[in-house]
Peer 1: 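The structure follows.
Letters go in sequence order (proteins before strands), and every chain restarts at 1.
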Amino acid sequence: MKTEQGIRLGSLSLSRLERTPRLRRLLDRFDWVYTGAEFCENLLETGMAADAARLQAKGKKVCLVTPLLSEKGIESLASIFAGLMKLHRDGRLDPARFEVTVNDFGALELAAREKLPFKLNLGRQLYYNAFLVTRDSIEVLNRRSLDFFALRGITRYELAPTGLLPRTNFGDKAFGFDPKAFSLTLYYPYLNLTTTRTCLVGMPYIPPEEAVRGIKCRRECRACAFKVAHPWIKEKLFIRGNTVFMEFPEKFYSSQKELAARRIDRLVYCPFP
Amino acid sequence: MKIVSCFSSLDEIKPLAKAGADELYCAVPGLPSFGEPALLTGAGGLKAAVRAAHALGLKISLAVNSLGEASFTRPGEGRLLRRLAAADAAGVDAFIVASPAILGLLLALKRRRARLHLSSVQPCFSSLSAAFFLDLGISRIILPNQLAPYEARKIVELCRRRGAELEIFDHRFFGCAYINGRCHLHRPDYYTLNASVQNGSMCRLNISAGALQTPGAIDVDAAWKPRLGPIVRRLSSRLACGGAPRIANMAAFFEFFAAGVGYLKYGTRQDPGAVKVRKVREVRAMLDAAETVLGKYPRAEAQRRFMEKMQNWDGRKY
């Protein structure tokens, strides 16, 4: 089981990427490019469909990562899905080299309604429905959860490591699941701790007498990420927009065999939180 | 709108009913529930609680909404199924569920009487997500605090069409800007605490912004440099004093109320009994205020009068 390598670009557009020499060079080293908006629906753009096709044309496999979705996000994603379907029908998007990661059951529902012909994965904000990740372990919760998602076409789960080679329960027959029935993608070195809908960095204050109609977003998250010292936590926290991360830069494995034994066949490098 | 109150002891039932609760919910040992334990105590356990609640005309739900603790082997699945069946046979009116696996077990229960409510721990932010779970047999959706009434309008419409119910939390006694069920900030699962958690909690430091080190900017986009100052100050202030903006507020409550959302929840199970009763009285008072103005005035005027009445509500006593 060869370990594939991916790079997560977040919502960085292809045209912006092409203006950044460092990222262009990084791209050459990776099999997969993870694009899209993983944590915030306000960063979804229709152009992500065309970017996916262009990245495939450059020889890359592409995964579109999608966030938690309100009605606004559902509309944006529906538009992207329509773009993907057109590219697929025109023969410009190869479904064998394209995947969609969902972090919301609404996205799963939308994919089913649109009969999306692409492989679906369960992202870092939904994996906990099937897996328990602690500092030193990754465990399947129960076989029913795996069956639930397998029935919906999902057999790949996305997690983040914690700097330690994890123990697993994948060989424990008492749980009754087939460990070969799923695969894991690990994003490194940033682990997502928590997410808000109202952006920590942006979004103006909401007075108590105002019932907002939605999230006012000026995309200030694009300015930068932040490194923060929480007074009660030893480790530094990283904040990008609406999500708080921790960094685990240590290499947690020494061989592909170790990864394969843990059903990890894809690693996705995140150059920034 | 009806009041759903948590309880964690049999002797809380009567006082909560008297304070204005219309429904109750609890968690019990042996069935995985989300959050701090505060499991039901008292002789007779769940059966006695159901009898007591039903005698007062109150429905009772059982929280089985843990995700991370929904871990079970094949033999364990059998035991869990039997416990769920026993709870159903004891007469609970609904199970509050988050995990697809637990939901699957409940759907597998033969002749299940209890209904199924979707916990906010499995947050539903769109009508498509709502439809996904309604199609699985959910009959009530407990909305997350991070959804505005205007954003929820299609969910409200869908639930009305499908005969499903909706529930929201009383924002004064619950709620965090971080999304429930997806948050690892509140427990040291991955980080190391170097101090005890002081008043407030991990997401609400309640210290002055000046006591926090200025956040350091990383990988700054040159085009944004001139605008960075106010962003850094805003982030510092939010980290120190209360976190990201909250969508759930008094105005949002009134809009959900006016939209016909059926249930309002107070859910801090670890509150002492006397505090629970006081809070349920507050929830009742707020509902009464909303009902009064909406019954008397046109919508906009009703909201204005409601906000005026509630503006002096002081949460510091809690």
Side-chain angles (χ1 to χ4, degrees), chain A residues 68-74 104-106 108-110 125 128-129 132 134-135 139 141-145 148 162 174-176 191 193-201 203-206 208-214 220 222-229 231-235 239 242 244 246 272, chain B residues 67-68 70-75 77 99-101 104 125-129 131-132 146-151 154 177-179 182-185 189-195 197 205 207 212-213 215-221 224 227-228 231 235 238-239 244-247 249-252 255 307:
Chain A
L68 174 162
L69 301 167
S70 69
E71 302 297 343
K72 175 186 172 185
I74 291 283
D104 187 277
F105 284 99
L108 195 53
E109 178 72 12
L110 183 65
Q125 294 161 86
Y128 52 81
N129 283 281
L132 177 66
T134 68
R135 277 199 222 199
E139 295 185 349
L141 285 168
N142 51 71
R143 66 169 183 105
R144 279 189 169 259
S145 297
F148 177 90
T162 59
F175 280 85
L191 178 149
L193 268 189
T194 189
T195 297
T196 82
R197 283 198 66 230
T198 49
C199 189
L200 277 162
V201 169
M203 179 134 196
Y205 165 69
I206 306 172
E209 67 274 12
E210 184 183 337
V212 295
R213 289 166 76 89
E220 283 159 316
R222 298 212 148 164
C224 59
F226 291 94
K227 195 171 183 176
V228 163
W232 304 336
I233 298 178
K234 182 180 162 195
E235 297 87 352
I239 295 176
N242 66 347
V244 182
M246 284 182 69
F272 35 76
Chain B
L67 287 162
S71 170
F72 47 85
T73 58
R74 290 297 290 262
E77 180 177 318
S99 154
F125 288 98
S126 72
S127 55
L128 260 66
S129 180
F132 181 91
Q146 302 88 8
L147 189 67
Y150 181 79
E151 294 178 310
K154 282 190 176 179
Y178 297 112
I179 293 165
R182 300 176 183 215
C183 183
H184 295 283
L185 189 56
D189 297 331
Y190 305 120
Y191 55 77
T192 314
L193 278 173
N194 65 10
V197 177
L205 289 174
I207 60 178
L212 202 64
Q213 276 180 42
I218 309 167
D219 272 339
V220 180
D221 184 320
W224 281 87
R227 292 179 274 176
L228 213 48
I231 296 174
L235 179 61
R238 283 175 178 175
L239 288 173
R246 308 261 182 128
I247 288 175
N249 58 20
M250 207 56 86
E255 291 206 1
M307 294 302 301

Peer 1: Show the numbers, then the answer: is there a side chain to side chain donor-acceptor pair (under 3.5 Å) between A/Glu71 and B/Ser127?
Peer 2: CA-CA 7 Å; A/Glu71 302 297 343; B/Ser127 55; 3.0 Å; yes
Peer 1: Please name all residues satisfying ring-ring contact (aromatic ring centres under 6.0 Å, His included) with A/Phe148, sequence neighbours left out, ordered by chain then number.
Peer 2: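 With neighbours one apart ignored, the set is empty.
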Peer 1: Please assess B/Leu235 against A/Phe226 for the test side-chain contact (heavy atoms from CB on, under 4.5 Å), listing each intermediate value before the final yes or no.
Peer 2: CA-CA 9 Å; B/Leu235 179 61; A/Phe226 291 94; 3.4 Å; yes
Peer 1: Side chains of A/Ile233 and B/Thr192: closer than 4.5 Å at any heavy-atom pair?
Peer 2: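 They are not in side-chain contact.
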Peer 1: Do B/Leu239 and A/Ile239 have side-chain heavy atoms sitting under 4.5 Å apart?
Peer 2: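 In short, these two side chains touch, coming nearer than 4.5 Å.
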Peer 1: Please find the pair of heavy atoms, one from A/Tyr205 and one from B/Arg238, that lie closest to each other, and give the distance.
Peer 2: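 Scanning both residues, the minimum pair turns out to be N-NH2, 3.6 Å.
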Peer 1: Mark yes or no for whether A/Arg213, through its side chain, and B/Pro149, through its backbone, hold a donor-acceptor pair below 3.5 Å.
Peer 2: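 Checking the backbone N and O of B/Pro149 against the side chain of A/Arg213, no donor-acceptor pair under 3.5 Å is found.
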Peer 1: Non-hydrogen atoms of chain B under 4.5 Å away: do they reach the side chain of A/Thr162, the backbone, both or neither?
Peer 2: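 Interface part for A/Thr162: side chain.
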Peer 1: Would you sort out whether A/Tyr128 and B/Arg182 count as a side-chain contact (heavy atoms from CB on, under 4.5 Å), showing the intermediate values?
Peer 2: CA-CA 8 Å; A/Tyr128 52 81; B/Arg182 300 176 183 215; 3.2 Å; yes
Peer 1: Would B/Phe132 and A/Leu108 count as a side-chain contact (heavy atoms from CB on, under 4.5 Å) here? Give the steps.
Peer 2: CA-CA 8 Å; B/Phe132 181 91; A/Leu108 195 53; 4.0 Å; yes
Peer 1: Partners of A/Arg143 by side-chain contact (heavy atoms from CB on, under 4.5 Å), sequence neighbours excluded?
Peer 2: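 With neighbours one apart ignored, the set is A/Asp147, A/Phe177, B/Arg74, B/Glu77.
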Peer 1: Of the non-hydrogen atoms in A/Cys224 and B/Ile218, which two are nearest, and what is the gap between them?
Peer 2: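 Where A/Cys224 meets B/Ile218 most closely, the heavy atoms are CB-O, 3.1 Å.
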Peer 1: Measure A/Met203 against the heavy atoms of chain B and call it side chain, backbone, both or neither at under 4.5 Å.
Peer 2: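 Its backbone and side chain both get close to chain B.
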Peer 1: Within the structure provided, determine whether B/Phe125 and A/Leu68 are in side-chain contact (heavy-atom separation under 4.5 Å).
Peer 2: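 Yes, side chains in contact.
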Peer 1: To check you understand the geometry: which heavy-atom pair defines the closest contact between A/Glu109 and B/Leu128, and what is its length?
Peer 2: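 Scanning both residues completely, I find the closest heavy atoms to be CG-O, 3.5 Å.
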Peer 1: Between B/Pro75 and A/Ala174, what is the shortest heavy-atom contact and its length?
Peer 2: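 That would be CD-O, 3.7 Å.
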Peer 1: Could you check whether any side-chain N or O of B/Gln146 sits under 3.5 Å from a backbone N or O of A/Thr196, counting only pairs where one atom can act as donor and the other as acceptor?
Peer 2: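 No; judged by distance alone, with no hydrogens or angles, the pair does not exist.
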Peer 1: Before giving the answer on side-chain contact (heavy atoms from CB on, under 4.5 Å), spell out for A/Thr194 and B/Ile179 the whole-Å C-alpha distance, their side-chain angles and the decisive distance to 0.1 Å.
Peer 2: CA-CA 7 Å; A/Thr194 189; B/Ile179 293 165; over 6 Å; no
Peer 1: In terms of heavy-atom proximity below 4.5 Å to chain A, should B/Asp189 be classed as side chain, backbone, both, or neither?
Peer 2: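 Backbone of B/Asp189 only, per the 4.5 Å heavy-atom cut-off to chain A.
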Peer 1: Would you call B/Ser71 and A/Asn142 a side-chain contact if the rule is heavy atoms closer than 4.5 Å?
Peer 2: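 Contact flag for B/Ser71/A/Asn142 side chains = no.
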Peer 1: With a 4.5 Å cut-off on side-chain heavy atoms, are A/Lys227 and B/Gln213 touching?
Peer 2: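 A side-chain contact is absent here, since even the closest heavy-atom pair is not under 4.5 Å.
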Peer 1: Give, as side chain, backbone, both or neither, the part of A/Leu69 having an atom under 4.5 angstrom from any heavy atom of chain B.
Peer 2: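 For A/Leu69, the contact with chain B is made by the backbone alone.
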